[in-house]
Every structure is written in structure tokens, then in C-alpha cells.
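Count residues from 1 along the sequence.
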Amino acid sequence: MNAQQFNQQYPKQSLFYLRTFAGQQIVRTTGQAHHCSEGQVMVEINRNPWFVSIHALRAVPVGVVKQESPGPFFTIGPVVRTPLYYSEF
């Protein structure tokens, strides 16, 4: 599959499985795929490593995608909210 075919089939913000040494994680594409040297097609994702080959990604089926609920730590603007372990002053 070349970059043009990948971009037509999977728009920006598509979800994929990425297998790493730490396990499998779900990533989201943040840009379009581009041809790089030696005929490789790379795409930018939202996690480290920021650029991966399209052959390292597997599409996430639509039925698997669920709404994520915020955990005990979630971001409100630039400030990170912490659990209420301390009494408020």
C-alpha cells in the first residue's frame, strides 16, 4: 500500500493498534502518510515513537472503540487535578 492509498482509506484521527516491546497500545494518526527514503511509507501518530511505518499499524475495528472515561487524574487546561488526599484549606 502506498501513501496515497493509505490516506484515502484512513483519514486523520484514525485509530490503530501499535505493537511495541511494552505491549500493544491504541494510537491515533495525527497527520497524513508520506513516502520516505527506501520506499517506506511513514505516518505521524500521537504517541512515542511519533513516526511509524504503516506496516506496523493494524486498524481498530469500529465495534472495539469505546468512550474513554476520565481516570482519577485528568487535565483541566494546563493544570493536572490530583486526588483529594489532602484536606482543602
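No single ILVMFWY cluster, assembled from side-chain heavy atoms under 4.5 Å apart, contains both Met1 and Met42.
Smallest separation of non-hydrogen atoms from Glu44 and Phe51: CB-CE2, 3.6 Å. Closest non-hydrogen pair, Ala33 versus Asn7, comes out as N-OD1, 2.8 Å.
Remark: the backbone N or O of Ser14 is paired with a side-chain donor or acceptor of Thr29 at under 3.5 angstrom. At least one donor-acceptor pair under 3.5 Å links the side chain of Arg28 to the backbone N or O of Gln13.
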Working note: Val60 + Tyr17, criterion side chain to side chain contact (heavy atoms under 4.5 Å, CB included); need CA distance, chi angles, decisive distance, verdict.
CA-CA 6 Å; Val60 175; Tyr17 289 117; 4.0 Å; yes
Which is it for His35 and Asn2 under the side chain to side chain contact (heavy atoms under 4.5 Å, CB included) test, yes or no, and what are the steps along the way?
CA-CA 8 Å; His35 286 283; Asn2 62 22; 3.7 Å; yes
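Between the CD atom of Gln40 and the OG atom of Ser53 there is a distance of 5.0 Å, given to the nearest 0.5 Å. Rounding to the nearest 0.5 Å gives a distance of 6.5 Å between NZ of Lys12 and CD of Gln32. Rounding to the nearest 0.5 angstrom, the gap separating the CG atom in Leu15 from the CG atom in Leu57 is 11.0 Å.
Note on ring orientation: taking the six-membered ring where Trp is involved, the planes of Phe6 and Phe16 are parallel (angle under 30°, cut-offs 30° and 60°).
Contact of the Val52 side chain with the Val43 side chain is registered, since non-hydrogen atoms from C-beta on lie closer than 4.5 Å.
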Would you give me the side-chain donor-acceptor pairs under 3.5 Å for residues 18-27, sequence neighbours excluded?
from, atom 1, to, atom 2, distance (Å)
Thr20, OG1, Ala22, N, 3.4
Thr20, OG1, Gly23, O, 2.9
Gln25, OE1, Arg47, NH1, 3.2

